[in-house]
Chemist: 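So that we are looking at the same thing, I have put the structure below in structure tokens.
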Amino acid sequence: MAMGGVALTRDNFGKLLEPGLRKIFFDNLNNIPWQFTEVFNVLKSTKHMETDLRMGDFGLWGKKGTLDATQYEDPTPMDSVSYRHETFSKGFLVEKELVDDELYGQINKFAKRLGVRANQTVDIDAAGLFNRAFTADPNAYKGEALIGTHTRLDGGTRTNFLGALALNEPNLEIAHKLAAEQVDERGIKIRMNPDTLVVPRSLELTARKILGTTYMPDAGTTGNTYAKNDINPLKGRYKIVVLDYLTDPNAWFLLDSKIHELNFFWREKPNFKNQTDFDTDVAKYKGRMRYSYGWTSDIGIMGAKPTA
């Protein structure tokens with residue numbers, strides 16, 4: 001049997017299959033867009049780990065008289081956060097007999113599912129940052145939870161926990177006001193301006209109803225103080241990002257995409273390789289990738305966790 005004009009032998013059948021299987025792998029890897037890219041700052045890395053600085057800050061500027069010297073000040077001390085890359089890999093075996101018997105459909109399915117699982121692995125892993133957001137994390141900065149009370153670099157504290165607020169229009173208004181009270185490492189307001197609402201699939205339609213209607217949701221109904229002609233000030237206010245792998249069906253998050261520091265580092269993007277074993281006549285195909293993710297600062301993100 002020949003393939004593309006090249007004789008199919010024990011030594012080369014794995015290599016001859018690789019281009020087609022590679023295409024199937026990457027087609028299915030990219031068939032469904034990654035969700036993590038909608039919320040993380042996606043960066044590249046060329047080192048075994050990345051170190052990011054948690055920046056200190058200056059106080060407000062002071063007035064300067066005509067003959068006065070400029071006031072010089074050291075910012076609050078900086079601190080560092082490490083991102084350690086982890087390696088992920090998975091593969092499958094193809095016996096030469098499958099090729100001899102022209103069972104290409106079965107072989108193609110192997111490559112297809114491998115690509116799908118690579119896609120899901122990253123999204124599930126990255127969604128874990130939000131699933132653990134309300135719990136102290138020993139691997140995070142000072143072991144803090146992403147959402148909760150945080151120690152500022154000047155020794156003060158701040159919180160980005162919205163409380164047990166269900167996702168509805170009044171509570172989004174509360175969150176919007178609380179965002180304006182967020183402060184930096186010196187306790188000065190950062191003027192956080194959320195532009196992204198992150199929700200699980202279970203809250204997607206609720207979010208779209210709140211942000212997509214011209215008039216106030218449920219206005220004029222019993223127990224609602226809004227009139228039917230009251231405009232909805234939140235219409236189109238936030239980009240809605242749905243993460244399918246959030247485990248809490250009621251938790252939701254607000255992000256300011258311009259200032260948040262949720263970071264994802266690609267050390268090695270997914271690849272696909274082949275090798276044929278001489279003794280067994282089995283072709284090995286595997287995918288591999290390396291990455292890390294986390295948060296450098298809690299600034300720019302807020303979260304709510306309603307009780308069930």
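From a predicted model like this one, the values you see are computed outputs, not experimental measurements.
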Chemist: If you take all heavy atoms of Thr307 and Ala164, which pair is closest and at what distance?
Modeler: N-CB, 4.2 Å
Chemist: Using a 4.5 Å cut-off on heavy atoms from C-beta on, say whether the side chain of Tyr141 contacts that of Arg54.
Modeler: yes
Chemist: May I have the step-by-step check of salt bridge (Lys or Arg N to Asp or Glu O under 4.0 Å) for Lys189 and Glu181, ending in yes or no?
Modeler: CA-CA 6 Å; Lys189 290 183 180 180; Glu181 301 299 320; 3.5 Å; yes
Chemist: Are Leu129 and Tyr245 linked, directly or through other ILVMFWY residues, by side chains that come within less than 4.5 angstrom of each other?
Modeler: no
Chemist: Determine, step by step, whether Trp266 and Val42 satisfy the side-chain contact (heavy atoms from CB on, under 4.5 Å) criterion, reporting the C-alpha distance in whole Å, the side-chain angles of both residues, the deciding distance to 0.1 Å, and the verdict.
Modeler: CA-CA 7 Å; Trp266 276 122; Val42 182; 3.8 Å; yes
Chemist: Find the distance between CZ (Phe253) and NZ (Lys305) and round it off to the nearest 0.5 Å.
Modeler: 8.5 Å
Chemist: Is a side-chain N or O of Arg237 found less than 3.5 angstrom from the main chain of Pro194, in a donor-acceptor match?
Modeler: yes
Chemist: Could you check if a side-chain atom of Met289 sits within less than 4.5 angstrom of a side-chain atom of Val122, using non-hydrogen atoms only?
Modeler: yes
Chemist: Linking I/L/V/M/F/W/Y whenever their side-chain heavy atoms sit closer than 4.5 Å, directly or via other members, would Ile190 and Tyr238 fall into one cluster?
Modeler: yes
Chemist: Could you state the interatomic distance from CD (Gln120) to CG (Leu29), rounded to the nearest 0.5 Å?
Modeler: 11.0 Å
Chemist: Do Ser80 side-chain atoms and Asp52 backbone N/O form a donor-acceptor pair below 3.5 Å?
Modeler: no
Chemist: Membership question, hydrophobic clusters at under 4.5 Å side-chain separation (ILVMFWY): are Ile259 and Val198 in the same one?
Modeler: no
Chemist: Roughly how far, to the nearest 0.5 Å, is the CD atom of Glu204 from the CZ atom of Arg208?
Modeler: 4.5 Å
Chemist: Taking Asp137 for its side chain and Ala145 for its backbone only, find out whether a donor-acceptor pair lies under 3.5 Å.
Modeler: no
Chemist: Between the side chains of Ser45 and His85, is a donor N or O closer than 3.5 angstrom to an acceptor N or O?
Modeler: yes
Chemist: Look at Glu38 together with Lys239 and state whether they make a salt bridge at an N to O cut-off of under 4.0 Å.
Modeler: yes
Chemist: Only one of Thr159, Thr157, Asn160 passes side-chain hydrogen bond (donor to acceptor under 3.5 Å, both in side chains) with His150; say which it is.
Modeler: Asn160
Chemist: Measure from the side-chain N and O atoms of Asp184 to the backbone N and O of Ile188, and report whether any donor-acceptor pair falls under 3.5 Å.
Modeler: yes
Chemist: So, the side chain of Asn171 versus the backbone of Leu165: is there a donor-acceptor pair under 3.5 Å, distance only?
Modeler: no
Chemist: Are more than 12 heavy atoms, taken from residues, nucleotides or ligands other than Arg84, located less than 6.0 Å from that residue's CZ atom?
Modeler: no
Chemist: Any chance you could lay out the side chain to side chain donor-acceptor pair (under 3.5 Å) test for Lys235 and Thr214, step after step, and finish with the verdict?
Modeler: CA-CA 6 Å; Lys235 180 182 180 181; Thr214 300; 3.0 Å; yes
Chemist: Are any side-chain N or O atoms of Arg267 and backbone N or O atoms of Met49, one a donor and one an acceptor, separated by less than 3.5 Å?
Modeler: no
Chemist: Distance from Asn168 atom CG to Leu203 atom CG, nearest 0.5 Å?
Modeler: 10.5 Å
Chemist: Compare every heavy atom of Ala118 with every heavy atom of Trp34, then report the nearest pair and how far apart it is.
Modeler: NE1-O, 4.4 Å
Chemist: Identify the heavy atoms of Gly287 and Ser89 that sit nearest to each other, and give their distance.
Modeler: O-OG, 2.9 Å
Chemist: Locate the shortest heavy-atom distance separating Tyr83 from Asn263; write the atom from each residue and the value.
Modeler: OH-ND2, 3.1 Å
Chemist: Between Asn274 (side chain) and Ala283 (backbone), is there a donor-acceptor pair under 3.5 Å?
Modeler: no
Chemist: Report yes if some heavy atom in the side chain of His260 is under 4.5 Å from a heavy atom in the side chain of Ser297; otherwise report no.
Modeler: no
Chemist: Write down the atom of Leu255, the atom of Val39, and the distance for their closest heavy-atom approach.
Modeler: CD2-O, 3.9 Å
Chemist: Closer than 3.5 angstrom, by distance alone: can the side chain of Asp68 be matched with the main-chain N or O of Gly65 as a donor-acceptor pair?
Modeler: yes
Chemist: Would you say that Met302 contacts Leu178 through its side chain, given a criterion of any heavy-atom pair below 4.5 Å between the two side chains?
Modeler: yes
Chemist: With no hydrogens and no angle check, just 3.5 Å: does a side-chain donor-acceptor pair link Asp125 and Tyr293?
Modeler: yes
Chemist: In terms of hydrophobic clustering (I, L, V, M, F, W, Y; side-chain heavy atoms under 4.5 Å; direct or indirect links), are Ile210 and Leu162 co-clustered?
Modeler: yes
Chemist: With side-chain contact (heavy atoms from CB on, under 4.5 Å) as the test, would you mind laying out the steps for Leu21 and Ile107 before giving the verdict?
Modeler: CA-CA 8 Å; Leu21 295 180; Ile107 299 171; 3.8 Å; yes
Chemist: Under 4.5 Å between side-chain heavy atoms, counting indirect links through other Ile/Leu/Val/Met/Phe/Trp/Tyr residues: same cluster for Leu254 and Leu234 or not?
Modeler: yes
Chemist: Can you tell me how far apart OH (Tyr291) and CZ (Phe36) are? Round to the nearest 0.5 Å.
Modeler: 8.5 Å
Chemist: Indicate yes or no: at least one non-hydrogen side-chain atom of Phe130 is less than 4.5 angstrom from one of Leu243.
Modeler: yes
Chemist: Name the orientation class of the two ring planes belonging to Tyr285 and Phe92 (parallel below 30°, tilted from 30 to 60°, perpendicular beyond 60°).
Modeler: parallel
Chemist: Counting only heavy atoms not in Lys177 (residues, nucleotides, ligands), do more than 12 fall under 6.0 Å from its NZ?
Modeler: no
Chemist: To the nearest 0.5 Å, what is the distance between CD on Gln35 and CG on Asp123?
Modeler: 5.0 Å
Chemist: So Gln182 and Arg191, do their side chains get closer than 4.5 Å, heavy atoms only?
Modeler: no
Chemist: Contact between Glu268 and Arg288 at the side-chain level, heavy atoms closer than 4.5 Å - yes or no?
Modeler: yes
Chemist: Just by modelled atom types, is the Trp295 backbone N or O under 3.5 Å from a matching donor or acceptor in the Glu261 side chain?
Modeler: no
Chemist: Looking at Gly303, is its backbone amide N or carbonyl O close enough to the side chain of Trp252 to form a donor-acceptor pair, meaning the two atoms are under 3.5 Å apart?
Modeler: no
Chemist: For a 4.5 angstrom cut-off between non-hydrogen side-chain atoms, does Ile240 reach Val199?
Modeler: yes
Chemist: What are the two closest non-hydrogen atoms of Pro200 and Asp248, and how far apart are they?
Modeler: CG-O, 3.6 Å
